[in-house]
Undergrad: 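One structure coming up, written as structure tokens, with questions to follow.
We name chains A, B, ... by the order of the sequence lines, and we start the count at 1 in each one.
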Amino acid sequence: MRLSQFFLPTLKETPAEAQIASHRLMLRAGMIRQQSAGIYAWLPLGLRVLNKVEAIVREEQNRAGVVEMLMPTIQSADLWRESGRYDDYGKEMLRITDRHERDLLFGPTNEEMITDIVRSFVKSYKQLPLNLYHIQWKFRDEVRPRFGVMRGREFLMKDAYSFDLDEASARVSYNKQFLAYLRTYARLGLKAIPMKADTGPIGGDLSHEFIILAETGESQVFCDKDWLDLDVLDKAPKSAEELQSFVDWATGFYAATEEKHDEVACPVPAERLHSARGIEVGHIFYFGEKYSTPMKATVTQADGAVAPLHMGSYGVGVSRLLGAIIEASHDEAGIIWPEAVAPYHAGIITMKAGDAASDAKAMEVYDALTAKGIDVLYDDRDERAGVKFADMDLIGLPWQIIIGPRGLEKGVIELKNRRTGQRDELSVADALARLGA
RNA sequence: CGGAGUGUAGCUUAGCCUGGUAAAGCGCUUGCUUCGGGAGCAAGAGAGCGGAGGUUCGAAUCCUCUCACUCCGACCA
């Protein structure tokens, strides 16, 4: 993409409403624009990242054997009356009335709807287990939206639901998601730590929050330092037994949120205890028959008896993840995208506008990269070098290719790594090779 | 939902206390000079001060109502 033909409204000054780094940087980098409290338009650069994050979440769900579908944003209040949550949910639920005076709502989550769908088609234990997910916009009318996409009212969420015959089987579904979550965050370049979460009235050990560490996190968390060095991407359990031992292993390290942390009872010695701020980016939960019983989602078992389904739900805040990634990866100059989600792999800057040799070389590099399928953003604007550098640092592409008359005289161009700041003078061929072209 | 606060040009803000008919920087337009880390000079365009009502000879400034947004607290992917 040539920047002159793109739409990248970067801001030099920080809009007054932005308090935290990710919000400030997303606004300044021209990724989002607030349209109402907690509601954002996704501008082209932001959408590219959102799509990349979404794609990784989707790939890992698919890898775990979860099947994608898509449910509507608008739901009928009747389903929620069945589960009893229509009255319980409170003002967080955006309630809508249509022209026929029917009560509708903008879905804050989809347990009721998915339960309705499954109960109408699944009648036999032979159809289980069933694992479904969708990635859809949700709306929760938060009293106080803030921090940009980190706590918006409208947000994109991946929510998966598992249906099993019994708790033992549900545990396998749960474990699959547990692994998928760790894989997903690792691929996003995040260190996410599963922490035991409140299981509510169901009890048991099947609920975890996934928390990433970032200075501006909303809550204090504690974990075993050993967690910080783990690599989960090399783990590939094949059987249910291997999967269970993986989960046992992964949950064996100490990790607790502030509310659950007890300095005295903590099994990890102080020198190995890591304390940091955390942001919740996912939550998985087994809730058994909570919805299947009131909504009569039952199957016939092998012995002919009829029993309610055992369910679990698994959420990832996709849009929130963008904020979380930036919180975990930025500096004074701007965003530093992990390569897996960067809106473009590299950016090209020409130092001297109107210099024919530079422009020609830039196009040569641009074409070579594009031909190899590498996304590249070429800043071909008639701007001064400083402006281009500042914008390129701000939007945080992993690599910057700097082309100017001085270098060309020596037959080199510069390759700058956004994260390390390291700059190397290389021949075009070497630079392209470094970028994988 | 309780408490606090802010709405003035595209953005960041000054002006409001002590009413006299809107100011600056950035951005934008044009020209010239520049061009290796957010250029310089010059000339321009652009707001009637969130909205409605009121007080007054006169309101961005005072009063009332209303809307929006932000911050602190309780709550959440």
Side-chain angles (χ1 to χ4, degrees), chain A residues 9-20 23-24 27-28 30 33-39 53 57 89-93 107-111 135-160 181 184-185 192 197-198 208-212 218-219 257 259 278-285 313-324 332-334 349-355 358 379 381-394 400 402-410 412-414 416 421 423 425:
Chain A
T10 57
L11 271 34
K12 194 166 170 180
E13 287 172 287
T14 303
E17 73 264 21
Q19 300 297 310
I20 63 170
H23 189 194
R24 207 161 54 228
L27 290 169
R28 287 195 52 214
R33 175 180 156 84
Q34 178 166 317
Q35 295 301 135
S36 188
I39 300 177
V53 171
V57 170
Y89 217 93
K91 291 192 171 179
E92 268 202 357
M93 185 153 73
T109 178
N110 287 66
E111 278 85 3
I135 298 173
Q136 177 64 290
W137 292 93
K138 304 290 190 291
F139 194 93
R140 292 185 190 169
D141 199 358
E142 297 282 346
V143 196
R144 194 182 157 211
R146 61 186 131 169
F147 303 153
V149 300
M150 295 266 285
R151 200 173 303 181
R153 293 195 291 173
E154 186 182 62
F155 58 98
L156 187 62
M157 180 163 103
K158 184 284 301 181
D159 42 324
Y181 273 46
T184 300
Y185 299 126
D198 204 350
H208 286 91
E209 288 179 357
F210 289 80
I211 294 188
I212 69 147
E218 54 211 329
S219 57
T257 54
E259 307 82 63
I279 301 169
E280 185 184 346
V281 288
H283 196 167
I284 61 178
F285 200 81
S313 73
Y314 314 88
V316 172
V318 176
S319 48
R320 163 180 275 199
L321 271 168
L322 271 77
E332 284 301 300
I349 289 174
T350 46
M351 297 301 301
K352 184 171 178 176
D355 179 61
S358 298
D379 189 346
R381 294 175 301 173
D382 181 16
E383 287 287 353
R384 301 172 63 81
V387 173
K388 296 184 181 182
F389 276 124
D391 273 346
M392 202 55 85
D393 283 347
L394 177 61
Q400 296 174 13
I402 301 152
I403 299 173
R406 284 190 204 166
L408 292 183
E409 274 175 30
K410 295 187 287 182
V412 299
I413 60 178
E414 274 182 40
K416 175 182 160 187
R423 306 164 68 135
E425 294 197 333

Undergrad: In whole Å, measure the gap between the P atoms of U56(B) and C63(B) for me.
TA: 16 Å
Undergrad: Tell me the partner of A59(B), counting only Watson-Crick (N1-N3 plus N6-O4 or O6-N4) or G-U wobble (N1-O2 and O6-N3) with both under 3.5 Å; none if nothing fits.
TA: none
Undergrad: Given the C1' atoms of C76(B) and C1(B), what is the spacing between them in whole Å?
TA: 15 Å
Undergrad: When you check the glycosidic angle of G48(B), does it come out syn, meaning within 90° of 0, or anti?
TA: syn
Undergrad: In the strands shown, is C71(B) matched to any nucleotide by a Watson-Crick or G-U wobble pair with both distances under 3.5 Å, and which?
TA: G3(B)
Undergrad: So which protein nitrogen or oxygen atoms get under 3.5 Å of nucleotides 4-10 of chain B's nitrogens or oxygens?
TA:
none

Undergrad: What distance, rounded to whole Å, do you find between the two C1' atoms, one in A47(B) and one in C41(B)?
TA: 27 Å
Undergrad: Just checking K91(A): base, sugar-phosphate only, or nothing, at a heavy-atom cut-off of under 4.0 Å?
TA: sugar-phosphate
Undergrad: Between D393(A) and Q400(A), does any side-chain donor sit less than 3.5 Å from a side-chain acceptor?
TA: yes
Undergrad: How does protein contact run along nucleotides 70-77 of chain B, one letter per nucleotide 5' to 3', with B for base contact, S for sugar-phosphate only, - for none, heavy atoms under 4.0 Å?
TA: SBBBBBBB
Undergrad: P atom, G38(B) versus G53(B): distance in rounded Å?
TA: 50 Å
Undergrad: Provide the distance between the two P atoms, one in G10(B) and one in C67(B), to the nearest whole Å.
TA: 25 Å
Undergrad: For the pair R151(A) and E142(A), find out whether any cationic side-chain nitrogen is under 4.0 Å from an anionic carboxylate oxygen.
TA: no
Undergrad: Once each nucleotide of nucleotides 33-45 of chain B is scored for protein heavy atoms under 4.0 Å, what B/S/- sequence comes out, 5' to 3'?
TA: -BSBBBB------
Undergrad: Tell me which nucleotide, if any, is Watson-Crick or G-U wobble paired with G10(B) when both distances must be under 3.5 Å.
TA: C26(B)
Undergrad: Counting the atoms with a prime plus P, OP1 and OP2 as sugar-phosphate, which does T14(A) contact under 4.0 Å by heavy atoms, base, sugar-phosphate, or nothing?
TA: sugar-phosphate
